[in-house]
Amino acid sequence: MSTPATTDFLHRHRFEIPGRGTFWGHDGSVWGGGAITLTSADRSRQACVALNLQRWNTLAPSGHPQPHAIDAAFAALLRSLTGARPELPPL
């Protein structure tokens, strides 16, 4: 999922989901786990996902995170939960 475009005074993030429009949400993490919740601007769709694993990427010799299969699966799950079409590019 892309970096949120804006954050309001309640620390909600604004996301533009391709094919679905604007979603507002909040995310957070604790050591080893995390959660994200999203609601469409018209409030017709909501999604909330909790993870019991965070930071699964290993680091390359350059120090940059390496892609992991969970990245693509998590992006696909969020696309599905928000009603985006599966053929759209990754978030």
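FYI, the numbering just counts along the sequence from 1.
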Drop me the distance from T39's OG1 to Q46's CD, to the nearest 0.5 angstrom. 5.0 Å

Can L53 and I70 be said to form a side chain to side chain contact (heavy atoms under 4.5 Å, CB included), step by step? CA-CA 10 Å; L53 175 66; I70 294 174; 4.2 Å; yes

Those residues that, when tested against D42, pass side chain to side chain contact (heavy atoms under 4.5 Å, CB included) (two or more places apart): S40, S44

Separation between CZ (R45) and CG (L38), nearest 0.5 Å, reads 11.5 Å

N52 side-chain N/O to G33 backbone N/O, donor-acceptor pair under 3.5 Å: no

Can you measure from CD (E16) to CZ (F23) and round to the nearest 0.5 angstrom? 10.0 Å

For L81 versus A47, what's the shortest heavy-atom pair and its separation? CB-CB, 3.7 Å

In this structure, CZ of R20 is separated from CG of L78 (nearest 0.5 Å) by 13.5 Å

The side chain to side chain contact (heavy atoms under 4.5 Å, CB included) partners of L59 (sequence neighbours excluded) come to P65

Just grab all the side-chain hydrogen bond (donor to acceptor under 3.5 Å, both in side chains) pairs involving residues 28-37, residues at least two apart or on different chains. S29-R55

Under the side chain to side chain contact (heavy atoms under 4.5 Å, CB included) rule, what do W56 and L51 come out as? Steps first, then yes or no, please. CA-CA 11 Å; W56 44 77; L51 303 166; 4.2 Å; yes

